[in-house]
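Report on one structure; see the data block that follows.
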There are 2 protein chains.
Amino acid sequence: MKPLHYSPTLLLAFSLVYFGNAAADPLRGSGDLALVVERATGTVQIVETSANSSLCRVGGLGDLSHASAVFSRDQRYAFVFGRDGGLSKVDMLTCRLVARTLQAGNSIGGAISQDGRLVAVSNYVPGGVKVFDAATLRQVADIPATWGHQKTSKVIGLVDAPGQRFVFSLWNAGEIWVADMHNPARPTITKFSDVGRNPYDALITPDGRYYLAGLFGEDGMALLDLWNLDAGVKRILPGYGKGAKKLPVYKMPHLEGWAIAGRQAFVPAVGHHEVLVIDTDTWELAGRIPVHGQPVFVMARPDGRQVWVNFAVPDNDTVQVIDTQSLRIVQSLTPGKGVLHMEFEPRGEEVWISVRDRDQLQVYDTATFAKRSTLPARKPSGIFTTARAQRIGL
Amino acid sequence: MKPLHYSPTLLLAFSLVYFGNAAADPLRGSGDLALVVERATGTVQIVETSANSSLCRVGGLGDLSHASAVFSRDQRYAFVFGRDGGLSKVDMLTCRLVARTLQAGNSIGGAISQDGRLVAVSNYVPGGVKVFDAATLRQVADIPATWGHQKTSKVIGLVDAPGQRFVFSLWNAGEIWVADMHNPARPTITKFSDVGRNPYDALITPDGRYYLAGLFGEDGMALLDLWNLDAGVKRILPGYGKGAKKLPVYKMPHLEGWAIAGRQAFVPAVGHHEVLVIDTDTWELAGRIPVHGQPVFVMARPDGRQVWVNFAVPDNDTVQVIDTQSLRIVQSLTPGKGVLHMEFEPRGEEVWISVRDRDQLQVYDTATFAKRSTLPARKPSGIFTTARAQRIGL
């Protein structure tokens with residue numbers, strides 16, 4: 001039989017088709033990648049933070065309002081949680097959507113387990129948490145958020161914690177649940193009830209020890225020490241939250257936007273033009289810093305020396321920088337209308353800012369505050385670096 | 001002209017030659033890679049920590065006694081510092097030695113700059129620090145460690161710090177230098193003299209704020225607050241160090257082996273069968289924990305709940321685990337003779353241990369202490385995960 005022969009040119013063409021949607025050379029490290037949510041078009045843009053360039057765009061991810069992402073432990077894959085209940089798995093090296101499931105009617109976030117094998121999604125409709133195999137997106141567990149007499153609850157504030165656990169809060173029930181996922185098919189769940197009315201968002205400290213839920217229905221916050229579950233949930237920060245508002249609240253601040261820097265937490269005041277300083281030893285208020293508007297995200301540079309703040313409308317064209325040693329504002333920037341998110345490079349030398357109304361990503365040097373790069377993006381919102389794969393609770 | 005034709009089989013063969021030394025598929029994420037130093041053979045083994053398997057081996061790296069490694073910010077390349085003054089750049093995806101320079105006669109460690117563009121090496125012989133372009137290994141700066149009347153010093157304890165800085169200590173001079181590398185060809189150097197006699201090793205806290213040098217020639221340690229250089233170097237921990245020894249010291253503990261967990265530092269006592277607990281607010285001794293032998297490395301699990309300790313001869317077959325809340329030993333393991341290093345996976349679910357005399361890497365579950373994997377390795381010493389690329393000071 002006569003052998004087939006192909007010209008090198010033809011084989012090169014095949015290769016280009018194979019990697020058609022990908023960056024020029026998919027063989028690259030994945031430690032300096034980031035994913036940018038383009039909410040209006042249902043796309044994500046993959047960028048790299050070494051030379052600050054765009055690599056490619058992946059589409060077909062559905063409704064990406066308030067979308068967020070987590071990463072596989074090898075930092076090759078992103079799991080994107082869409083508002084429409086869609087869970088999408090993106091290969092960032094070949095720039096392809098490799099799996100997608102419409103797992104619920106309305107979801108608001110997710111997490112990846114400590115060992116990287118499980119992806120969990122928290123749902124508004126029908127409520128509860130669903131857990132998927134990270135390799136295949138096959139569902140491995142369904143945790144209905146049932147309470148009282150056959151009632152179900154919206155779930156919010158889902159995070160991963162050490163010990164292969166997921167922690168989340170039940171809006172309607174006023175409960176916090178800790179799910180041990182060592183046996184994925186049979187999660188072991190510890191429930192804390194009466195934590196406060198309508199927890200609306202939550203965070204876990206960078207060491208994975210403390211879980212804090214904000215309360216929409218009353219003052220204060222709920223604090224759970226995961227090292228001492230027997231001590232139960234405590235109420236802290238009386239006066240913080242909805243009850244304390246004096247101005248109309250244009251946007252409830254996300255607790256993800258709390259900055260833990262050394263022993264201090266920097267927290268957006270709800271409905272005030274202030275960033276609050278909290279002592280994480282006592283969880284008591286230690287100071288107030290007047291800022292330009294109602295803060296939304298309050299993000300610590302990885303070394304904890306700076307905290308960057310963005311604001312709700314009508315002040316969402318501005319970013320301010322607080323020095324955490326002097327507690328003074330050391331810089332104000334005006335990237336443009338619609339500053340929606342900020343993400344530091346892993347060792348903090350630069351910060352990426354999404355400026356929705358300018359269709360731009362802007363990158364600033366955090367030492368000099370000089371603008372280093374500007375990249376086009378379609379109505380960008382969330383920016384997520386792959387370094388999150390190697391952090392607890394992100 | 002007649003076109004050349006190649007059979008697909010032949011082209012496949014070309015491809016295999018091209019990636020000859022590589023793992024089966026070099027297209028993979030680099031976030032779960034680790035490099036293991038095989039000291040006796042001048043080789044490094046590349047492993048991955050998701051399925052705990054070996055990917056390949058790279059040779060020709062020279063004398064790797066006490067070798068250490070840092071990583072490029074994309075986590076594709078490792079820079080290996082050999083005892084013979086060799087600086088080697090390894091492509092971990094294709095498994096190739098891509099550059100190597102014999103930069104000095106005798107070196108003991110190095111660091112990579114915050115922005116990932118510069119690799120610095122500290123030298124015993126002829127002393128001083130040399131700085132290289134991370135892309136090419138071309139030398140870009142030479143910082144001779146001169147002091148007094150035309151004297152030169154051995155340099156130790158070289159680390160990276162925020163603000164594109166390197167910090168290091170001069171053994172002979174008793175000085176600490178801070179080099180701002182924003183202009184690589186003309187480093188701006190701030191010198192602190194009379195810090196104490198013969199600094200022998202140093203560390204920087206995980207936030208990059210405090211630099212501590214151990215003193216061989218006298219008691220105590222030298223502390224520099226990089227946020228407040230004007231305050232100068234302070235002496236802390238009187239009684240710590242050489243002067244306090246009661247037993248023969250079988251191995252000076254590396255300060256890299258200090259564990260900072262929350263507000264506590266866990267520190268090997270020099271010449272005692274104890275781990276010391278230090279309050280990092282006051283830098284005063286807060287406790288002593290009796291352990292099995294003379295501790296060498298005292299490493300914190302990333303969530304800070306556990307501290308793992310290995311020991312000098314004759315107790316180097318054992319590892320102990322301290323619970324940082326109760327300050328009690330909760331586990332003792334016996335991996336075998338010659339436990340030289342330990343490295344946690346980035347989110348702490350497993351720990352890798354090099355067991356030289358068994359030619360093994362052993363991987364343990366940190367929750368159950370069960371042994372999960374055993375891999376062959378040739379006289380392994382240091383283990384370094386690529387997550388270090390995204391941490392300050394590692």
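Letters A, B, ... mirror the listed sequences (proteins, then strands); counts begin at 1.
The two residues B/R73 and A/E345 make their nearest non-hydrogen contact at NH2-OE1, 2.9 Å. Among all heavy-atom pairs drawn from B/Q390 and A/R391, the shortest one is O-NH2, 3.4 Å.
Options B/S113, B/P302, B/A367 differ in how many heavy-atom pairs under 4.5 Å they form with chain A, and the most are formed by B/S113. Listed options B/G208, B/S50, B/S72 were ranked by heavy-atom pairs under 4.5 angstrom with chain A; first place goes to B/S50. Highest contact tally toward chain B, considering only A/Q75, A/M92, A/Q114, is held by A/Q114 [criterion: heavy-atom pairs under 4.5 Å]. The choice from A/D207, A/D281, A/D115, A/D303 that makes the most heavy-atom pairs within less than 4.5 Å of chain B is A/D303.
Of the two parts of B/R209, only the side chain, counted from C-beta on, holds a non-hydrogen atom closer than 4.5 Å to a non-hydrogen atom of chain A. Of the two parts of B/T324, only the side chain, counted from C-beta on, holds a non-hydrogen atom closer than 4.5 Å to a non-hydrogen atom of chain A. Contact annotation for B/A389: only backbone heavy atoms (N, CA, C, O) come within less than 4.5 Å of a heavy atom of chain A. Heavy atoms of B/D160 lying under 4.5 Å from chain A belong exclusively to its side chain. Within the 4.5 angstrom heavy-atom criterion, atoms from both the backbone and the side chain of B/T49 approach chain A.
Rounding to the nearest 0.5 Å places CG of A/L226 at 10.5 Å from CZ of B/R305. To the nearest 0.5 Å, atom CZ of residue B/R347 and atom CD1 of residue A/I112 are 6.5 Å apart. Atom CZ of residue B/R28 and atom CG of residue A/D74 lie 6.0 Å apart, to the nearest 0.5 angstrom. Within the model, atoms CG of B/L33 and OG of A/S30 stand 8.0 Å from one another, a figure rounded to the nearest 0.5 Å.
No donor-acceptor pair under 3.5 Å is formed between the side chain of B/R263 and the backbone N or O of A/R263.
The existence of a salt bridge linking A/R117 and B/E349 is excluded, since no basic side-chain nitrogen approaches an acidic carboxylate oxygen closer than 4.0 Å.
In this model, a donor atom of one side chain and an acceptor atom of the other lie less than 3.5 Å apart for B/Q325 and A/N228.
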